[in-house]
**Student:** 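My questions will all concern the structure given below.
Heavy-atom basis, side chains included; hydrogens, waters and symmetry copies ignored.
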Amino acid sequence: MITSSQHYFGSIEDGFSISIIENMKEEYGLFVWPSSIILAEYVWQQKSRFSKANVVELGAGTSLPGLVAAKVGADVTLTDDANRLEVLDNMRRVCNINGVKCRVLGLTWGVWDAPVFSLCPNIILGADVLYDTRAFNDLFATVTFLLQKSPDSVFITTYHNRSGHHLIEFLMEKWGLKCTKLLDGFSFMPPHKASNLSGNIQLAEIVLEVK
């Protein structure tokens with residue numbers, strides 16, 4: 001079933017809304033998950049940091065965080081698995097609906113083809129990309145490669161604090177990464193938004209560990 005949702009940021013005077021097309025039949029990529037809403041709110045609250053930044057969203061799906069980044073002035077590339085053409089097409093549609101210009105790119109984690117070499121982000125976003133432990137290593141390989149291209153860059157991700165937490169810590173050590181900020185995802189959410197969400201969601205900022 002195809003439906004749409006409306007997401008509001010800020011006030012009527014200084015804010016905006018984002019329209020998202022959702023498809024409830026799609027397994028992951030075309031549904032707005034709570035982690036995406038929380039990461040999008042974080043982008044809005046940190047808008048001065050995102051203005052004029054070069055931003056890449058990994059596993060973007062419905063692309064809410066990336067769209068908010070574009071609205072506040074970032075140069076945004078939205079990416080998802082290169083094989084998921086329906087998701088990529090939907091990303092282009094939501095960009096048009098919301099009047100933002102984002103680059104849409106098929107990028108499969110752990111696959112070293114032309115698209116990944118064209119990216120040089122200051123900020124990498126990923127909402128609920130840590131859901132399938134089988135993909136963790138490829139995800140961290142891709143994140144590390146992108147962070148190495150811009151040494152001052154950061155990976156900001158929101159995720160459900162599931163049993164894979166120890167695996168995340170192991171892979172961060174394996175790939176030479178460190179967490180510089182870890183927040184309860186609900187700690188900065190406005191009450192009227194938080195009341196509609198559930199789960200144990202964390203936000204982490206991850207960078208290359210300087211040795």
**Student:** Taking all atoms of both residues into account, what is the closest heavy-atom pair of Asn83 and Asp81, and its distance?
**Tutor:** N-OD1, 2.9 Å
**Student:** Is there side-chain contact between Ile123 and Phe50, with at least one heavy-atom pair below 4.5 Å?
**Tutor:** yes
**Student:** Within the structure provided, determine whether Ile168 and Phe140 are in side-chain contact (heavy-atom separation under 4.5 Å).
**Tutor:** yes
**Student:** Could you verify whether a donor N or O on one side chain and an acceptor N or O on the other, from Arg92 and Ser63, lie under 3.5 Å apart?
**Tutor:** no
**Student:** If you count heavy atoms of other groups shown closer than 6.0 angstrom to NZ of Lys149, is the number above 12?
**Tutor:** yes
**Student:** Looking only at heavy atoms, what is the nearest atom pair of Gly61 and Asp80, with distance?
**Tutor:** N-OD2, 2.8 Å
**Student:** Between CG of Leu58 and OG1 of Thr108, what distance do you get to the nearest 0.5 Å?
**Tutor:** 11.5 Å
**Student:** Look only at the side chain of Asp14 and the backbone of Gly10, and say whether a donor-acceptor pair between them is shorter than 3.5 Å.
**Tutor:** no
**Student:** So which heavy atom on Leu88 is nearest to which on Val104, and how close?
**Tutor:** O-CG1, 3.8 Å
**Student:** May I ask you to decide if Leu147's main-chain N or O and Ser150's side chain share a donor-acceptor pair within less than 3.5 Å?
**Tutor:** no
**Student:** Where the side chain of Lys193 meets the backbone of Tyr8, is there a donor-acceptor pair that is under 3.5 Å apart?
**Tutor:** yes
**Student:** Does the side chain of Val43 reach to within under 4.5 Å of the side chain of Lys47, using non-hydrogen atoms?
**Tutor:** no
**Student:** How long is the gap from OG1 on Thr79 to CD1 on Ile124, to the nearest 0.5 Å?
**Tutor:** 10.0 Å
**Student:** Ser118 side chain to Pro115 main-chain N or O, any donor-acceptor pair under 3.5 Å?
**Tutor:** yes
**Student:** Measuring from atom CD1 of Ile38 to atom CD of Gln202, what distance do you get when rounded to the nearest 0.5 angstrom?
**Tutor:** 10.5 Å
**Student:** Within the side chain of Asn23, is there an N or O that forms a donor-acceptor pair under 3.5 Å with the backbone of Ile2?
**Tutor:** no
**Student:** Side-chain contact test, heavy atoms from C-beta onward, threshold under 4.5 Å: evaluate it for Leu177 versus Leu171 and give yes or no.
**Tutor:** no
**Student:** My understanding is that only residues two or more places apart in sequence, or in another chain, count here; which of them pass side chain to side chain donor-acceptor pair (under 3.5 Å) with Lys174?
**Tutor:** Asn137
**Student:** Distance alone, cut at 3.5 Å: any donor-acceptor contact between the side chains of Glu22 and Thr3?
**Tutor:** no
**Student:** Let me check something: do Leu197 and Ile201 share a hydrophobic cluster, defined by ILVMFWY side-chain heavy atoms less than 4.5 Å apart, either directly or through other members?
**Tutor:** yes
**Student:** Scan the side chains in residues 180-189 for donor-acceptor partners under 3.5 Å anywhere in the protein, sequence neighbours excluded, and list what turns up.
**Tutor:**
from, atom 1, to, atom 2, distance (Å)
Thr180, OG1, Glu205, O, 3.3
Lys181, NZ, Tyr42, OH, 3.2
Asp184, OD1, Phe186, N, 2.9
Ser187, OG, Asp184, O, 2.7

**Student:** With respect to Trp175, which candidate in Ile206, Thr144, Val143 satisfies the side-chain contact (heavy atoms from CB on, under 4.5 Å) definition?
**Tutor:** Thr144
**Student:** On a heavy-atom basis, which atom in Ser35 and which in Thr158 lie closest, and how many Å separate them?
**Tutor:** O-OG1, 2.8 Å
**Student:** Here's a test for you: under side-chain contact (heavy atoms from CB on, under 4.5 Å), which of Leu64, Leu67, Val68 qualifies with His7?
**Tutor:** Leu64
**Student:** Donor-acceptor check, side chain of Thr157 to backbone of Gly126, threshold 3.5 angstrom: yes or no?
**Tutor:** yes
**Student:** Classify the ring geometry of Phe16 against Phe9: parallel below 30°, tilted from 30° to 60°, perpendicular beyond 60°.
**Tutor:** tilted
**Student:** Taking side chain as C-beta onward, heavy atoms only, is Ser51 less than 4.5 Å from Val72?
**Tutor:** no
**Student:** Between Val87 and Leu30, is any pair of side-chain heavy atoms under 4.5 Å apart?
**Tutor:** yes
**Student:** Has Asn98 got a side-chain atom pairing as donor or acceptor with Val94's backbone, closer than 3.5 angstrom?
**Tutor:** yes
**Student:** Donor-acceptor pair, distance only, cut-off 3.5 Å: does the side chain of Asn54 make one with the backbone of Asn122?
**Tutor:** no
**Student:** Kindly compute the distance separating CG (Leu39) from CH2 (Trp33), expressed to the nearest 0.5 Å.
**Tutor:** 16.0 Å
**Student:** Under a 4.5 Å side-chain heavy-atom rule over Ile, Leu, Val, Met, Phe, Trp and Tyr, are Trp109 and Phe170 clustered together?
**Tutor:** yes
**Student:** Do His160 and Asp128 have side chains that approach each other closer than 4.5 Å (heavy atoms only, starting at C-beta)?
**Tutor:** yes
**Student:** Closest heavy-atom contact between Ser19 and Ile97?
**Tutor:** CB-CG2, 3.8 Å
**Student:** When clusters are formed by joining ILVMFWY residues with side-chain heavy atoms under 4.5 Å apart, either directly or through shared neighbours, do Val207 and Leu125 land in the same one?
**Tutor:** yes
**Student:** Check each of Ile21, Ile37, Ile18 against Val32 using the side-chain contact (heavy atoms from CB on, under 4.5 Å) test, and report the only one that passes.
**Tutor:** Ile37
**Student:** Specify the closest pair of heavy atoms between Gly15 and Trp44, including all atoms of both residues, with the distance to one decimal.
**Tutor:** CA-CH2, 4.0 Å
**Student:** Establish whether Met172 and Tyr159 are linked, either directly or via other cluster members, by ILVMFWY side-chain heavy-atom contacts under 4.5 Å.
**Tutor:** yes
**Student:** Are the side chain of Thr77 and the backbone of Arg103 linked by a donor-acceptor contact shorter than 3.5 Å?
**Tutor:** no
**Student:** Just so I know, are the side chains of Phe145 and Phe117 near enough to count as touching, which here means a heavy-atom distance under 4.5 Å?
**Tutor:** yes
**Student:** Could you go through the side-chain contact (heavy atoms from CB on, under 4.5 Å) check for Leu119 and Leu146 one step at a time?
**Tutor:** CA-CA 7 Å; Leu119 301 172; Leu146 294 174; 3.9 Å; yes
